[in-house]
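Since the structure comes first, as structure tokens, the remarks are kept for the end.
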Amino acid sequence: MEIVIALAVGVMFGSGIWLILRPRTFQLITGLLLMSYAVNIFIFAMGRLSVDRPPITLSPDIDPSQFADPLPQALVLTAIVIGFATTALYLVIMIGARGLTGSDHVDGKEPRE
Amino acid sequence: MVSFVVVPLPDSHGPMLLASLVFVPFIASLIAASMPQDARNRESWLAAGVAVYGLIVAILLYPEMSEGTVLREGFDWLPAQGLYFLLRMDGLAWVFTLLVLVIGLLVVLYARYYMSPNDPVPRFFSFLLAFMGSMLGVVLSGNLVQLVVFWELTSLTSFLLIGYWHHRADARRGARMAFTVTATGGLCLLAGVLVLGHIVGSYDLDIVLAAGELIRSDDLYLTALLLIALGALTKSAQFPFHFWLPHAMAAPTPVSSYLHSATMVKAGVFLLVRLWPALSGTPEWTWIIGGAGVGTLLIGAFIAIFQHDLKGLLAYSTISHLGLITVLIGIGTPLAMVAAIFHILNHATFKASLFMAAGIIDHETGTRDLRLLGGLRHKLPITATLAIVASAAMAGVPLLNGFLSKEMFFAETLQVGGDRNWWMSVAAVAMGMFSVAYSLRFISIFFGKPAGELPRDPHEPPRWMRFPVELLAFTCLVVGVAPAISIGPVLDLAVAASLREHTPDYNLATWHGWNLPLLMSIVALFGGIALYSVLRWRFNLRERTRAPLLSHFNGAQAYETSMQSLTRAAEWLVRHLGTSKLQKQLLLLMLMLLTVPLLLVGQPPDWTVLPLEGFDPLFAGIWLIGGACAIAAAWMAKYHRLTALVLVGGTGIITAATFLWLSAPDLALTQLMVETVTTVLLLLGLRWLPPRIESAEIQAAASRRDWTRRALHMMLAVAGGLAMAVLTYAVLVHPASDTIADFFVLNALSGGGGSNVVNVLLVDFRAFDTMGEITVLAIVALTVYALLRRFRPAPDSAEVPQQQLHAFDPASRQTPSEQADSGYLFVPGIYLRTLLPFMGVIAAYFFMRGHNLPGGGFVAGLIFAVAILVQYMLAGATWVEAHITLRPHRWLGLGLLLAGLTGLGSWAFGHPFLTSHTAHLHLPVLGELHVPSAFVFDLGVFAVVVGTTMLMLVALAHQSLRAHKKAGEQAADAAVPAANGGAL
């Protein structure tokens, strides 16, 4: 499991790096999406992996080590929602810049060839 | 003499009188800012009310002050750092409070008539009140760091007031200059105060003042003194930092009168008087403070003679008088300190009235140019009389207050200089002569004959505009004639509080007999008259454009030059080190991300292999898909955007599945819903991007450089991905250390009343963070909305897209609602419309159970938003908005309000912000329901999430409608209801 999660984070992050270095705005936004998945899973994994142990405590007498770490989960939950909001913001800037400059290059003008 | 007792008031008890003195002006400032543009009368009443309130408080405290009590009121600020918000009033602070409030009241009265009906008065009075609060904060601070905070606030309000008429270039320039100089000085002061706190071990003023010996013998004494002196000297416009004050005269005259003569510029000398017991008594003190003072006093007085602007003359004279006070403080003997405090009060009286008189003359004649003005005593007899009295006080004519303190000054220079340092007395007499000369220059406008046409025919000003001048001029006279009974008791208070055990015996009398200071006064008086006459009639004073000798020492010019070279240096740096190319910036960022951690890694991690979670081939299988999707998306994002979007969505779904697999059901739900709305969002955006067709020619045209760059990026991507993978693996194979997680798991049910720990964390333990997060959501949503209002599509994507006009598409030439009602979407239409109530119920269900089982406000909000989005996607914006009234703005506002009120509600029960409380209800059908207050908070989260999602997506969707209407295609979509059309 650990190796799979590690590879998954690596593949998503690597694809993200490649994409955010591309010249077109849509590539950039796709890259940021992939990177945010990678980072969210990375932060989530800091609480270590656990299967079938959701942090739902049905009785007061419990052993905390038998539950998944809830703290990274709470952090990632808000991160997902905020990530959505920033994606929206970036999208609007993207189409706004495209409308204003006529180009979808990240610098707002086509590169000189 | 009064004895000193320090009475620490117990925290948060008593009537909080001192705190009200400081905070009432700030509150009033907010009120003033929200009044209508032309509310001159209401604004004046408000400001005057604040000043009167302060005066009543001050007068009530007089008995305690006269007993020598030191009042202290404290609140915790950063107790861990030893910082307390501490207000402290002793005699000196009391006298300054009185000064700030009395002059403030008079200035408000004056400003009521001075400001024109066209000026936006809310801004003026709001800033003025904020200044009053800041100045009182400086005066009453019992903590040095806090004093610096208020000090900088006075600089800020001064900046805003100088720049009040911001359409004028000179106002903007003057404001910038004043702020740069005084705020820089303020930063030096902060550093000085920190050094002082380091030496003493406390920022408490009382402790610092008692530690004079310790401070003076410390190695850091000179550093602290220099830094604090820089702060005080810049604020009080001392040479060589004096140049900002004349430029600050671009402010409205009430401001010049209040800030730049009577109060703010006195903050510097106030601080020096305040810290006198702690810092003075060394040669360094005398040379630094006294030296700056002597230079300032002579230069200011000399240049003042050659000014042609009424306010310019007064500004330089203010500089010179501040110099005089600084010299006295630099001399530093107890008697000199008495004279300094006395002169601070006297100067405030006569200079404030002179500024007001200058304002009246400007107001009535339309000019402040001394060369144009003349013979005004015929048109403005009363104002002329008052101004002449005040000028005489400024010149130091006997029987007026200026004479008394100036004579004390002469006496001190004699005392200190003795026979050897006689130059100090000479400088003093020279300054006296110059001040007589410029005072004569000032009053010359009332005599002689009118110098031709004035822009306006002057009349006496309104009764109450003149009243402040009358009162102040009268005060000059009363203090001058009977100092011991008029100002005596007040002065005693201030002197006793600042000098403590060193308080000298002094005698405030008009007549001290024939002695050397009197002789010096007489020399100065007649010498000044002679000097003025010679300059006036021999050297053609009226025509000289610059002061002789000193015009080369132009501080303002030096300031501008240094600012310009700073700007040039910054431009050079940006040109040579910066880039505006995003790709280069991101490349650097990624390189850093990769290399810096490598440099920081000390030794390779120890690959302890834990008992790992069992390897599951199915899990590996889904990530094979997820990873393939990510790589394919990276491949496709340039030419096949829709494909890339679908692929990214695939990775997102796998991510959600992973959360579910790894015991995070809440995350899985949220990720799933966010995935949905993100995809819809990006689909809406795709329409505005230019078409990009992959072709063999473009690929062939790629140069060798392009390939090199791509290879570099690919290497970086692989290395970055690998690094993240290794890092993740390295962490995962190490055992987790003890974290605070256990606390949350153990206390969620008992403390938070919910079994879903993640949800309890969000709405209870970390509710304050969540509140910040939903605020960010709301702000982002509004920003998106605002940006879209100004959105203009590129010309080539403004037309209806080709795909929608395709002849074989059954949907072309049909509105979305036609498609759903009778077109090819007829069947799904029925299903999806029926789905709305179900999805609503599901949202409610997830919301209700959120505290105990996976769900909660975030998830429920997203589900509800998706329910509505589905309707939009089906039948189009027009149809939905004709049938449902959505007001996303209100959802946002309501949500934030609910969350905020829940937090505030716990205050009502005496608990800290956002403390949760659980109530158990027995309802007929639903059975037992436990309702924690966090439930209401979660409702707020729900509303904000719904509002955010709706506002952003709907605003984006409406762009297509707008663009199509622009293109003339408004056939069926014309009837957008006003409520939604206006709101969205």
Side-chain angles (χ1 to χ4, degrees), chain A residues 1-2 4-15 17-21 23-24 26-27 30 33-34 37 41-42 45 48-51 53-58 60 64 67-71 73-74 76-78 80-82 84-85 87-89 91-92 95-96 98-99 102 104 106-107, chain B residues 581-582 586 590 612-613 619-620 623 627 630-631 633-634 637 641 644 648 655 662-665 667 670-671 674 678 681 685 688-690 713 717-718 720-722 724-725 728-729 732 736 741-742 744-746 748-750 755-758 761-762 773 777 780 784 787 791-794 858 952:
Chain A
M1 294 301 252
E2 280 78 5
V4 177
I5 286 292
L7 286 175
V9 169
V11 167
M12 286 192 288
F13 202 74
S15 310
I17 293 185
W18 167 258
L19 278 172
I20 65 166
L21 297 174
R24 301 293 156 184
F26 185 77
Q27 291 174 306
T30 323
L33 275 174
L34 286 176
Y37 295 144
I41 290 199
F42 179 74
R48 304 303 185 273
L49 309 182
S50 39
V51 179
R53 284 183 285 171
I56 292 172
T57 55
L58 293 170
F67 292 90
D69 190 342
L71 194 61
Q73 294 197 15
V76 171
L77 198 150
T78 46
I80 294 172
V81 181
I82 296 266
F84 160 66
T87 308
L89 187 61
L91 179 86
V92 169
I95 64 171
R98 148 81 176 138
D104 72 337
V106 287
D107 295 330
Chain B
K581 299 229 178 291
L582 185 73
L586 285 175
M590 289 299 121
L612 298 175
E613 290 285 346
F619 190 70
W623 269 110
I631 294 172
R641 296 186 189 119
V648 170
T655 307
L662 297 174
S663 318
L667 290 192
T670 315
Q671 178 75 54
V674 164
T678 308
L681 182 85
W688 304 109
L689 293 175
H713 291 178
V718 171
L722 211 60
M724 276 301 273
T728 315
Y729 189 73
L732 285 180
D742 291 355
F744 296 127
V745 175
L746 285 173
L749 193 57
S750 52
S755 52
N756 182 0
V757 187
V758 175
L761 259 171
L762 286 174
E773 271 145 1
L777 279 186
V780 172
V784 165
L787 283 172
F791 172 67
R792 298 288 173 272
F858 280 110
M952 294 196 297

Heavy-atom contact with chain A under 4.5 Å, split by part of [X]:
{"X": "L681(B)", "answer": "both"}
{"X": "P793(B)", "answer": "backbone"}
{"X": "V718(B)", "answer": "neither"}
{"X": "S750(B)", "answer": "neither"}

Could you grab the distance from atom NE2 of H713(B) to atom CD1 of I17(A), nearest 0.5 Å is fine?
-> 11.0 Å
Hey, could you give me the CE/CZ distance between M590(B) and F13(A), rounded to the nearest 0.5 Å?
-> 5.5 Å
Starting from the C-alpha separation in whole Å, work towards a yes-or-no answer on side chain to side chain contact (heavy atoms under 4.5 Å, CB included) for Q671(B) and F84(A).
-> CA-CA 10 Å; Q671(B) 178 75 54; F84(A) 160 66; over 6 Å; no
Is chain B contacted by the side chain of [X], its backbone, both, or neither, given a heavy-atom distance below 4.5 Å?
{"X": "L58(A)", "value": "both"}
{"X": "L77(A)", "value": "both"}
{"X": "L19(A)", "value": "side chain"}
{"X": "L34(A)", "value": "side chain"}

With side chains defined as the heavy atoms from C-beta onward, is the minimum distance between [X] and [Y] less than 4.5 Å?
{"X": "F619(B)", "Y": "I5(A)", "result": "yes"}
{"X": "R98(A)", "Y": "F791(B)", "result": "no"}
{"X": "V81(A)", "Y": "E773(B)", "result": "no"}
{"X": "L787(B)", "Y": "L89(A)", "result": "yes"}

Should I56(A) and V757(B) be marked as a side chain to side chain contact (heavy atoms under 4.5 Å, CB included) after you check the CA-CA gap, both sets of side-chain angles, and the distance that decides it?
-> CA-CA 6 Å; I56(A) 292 172; V757(B) 187; over 6 Å; no
Assess whether side chain to side chain contact (heavy atoms under 4.5 Å, CB included) is satisfied between Y37(A) and V648(B), documenting all intermediate values.
-> CA-CA 10 Å; Y37(A) 295 144; V648(B) 170; 3.8 Å; yes
Between Q73(A) and the options L667(B), L662(B), T670(B), L762(B), the side-chain contact (heavy atoms from CB on, under 4.5 Å) test singles out L667(B)
Identify, with sequence neighbours excluded, every residue that meets side-chain hydrogen bond (donor to acceptor under 3.5 Å, both in side chains) alongside R641(B).
-> D104(A)
With sequence neighbours excluded, what pairs up with N756(B) under the side-chain hydrogen bond (donor to acceptor under 3.5 Å, both in side chains) test?
-> D666(B)
Hey, which of A633(B), P665(B), P690(B) has the most heavy atom pairs under 4.5 Å with chain A?
-> P690(B)
Assert top hit (heavy-atom pairs under 4.5 Å, partner chain A, pool L689(B), D742(B), L777(B), V780(B)) equals L689(B)
Does S663(B) reach the main-chain N or O of S50(A) with its side chain, forming a donor-acceptor pair under 3.5 Å?
-> yes
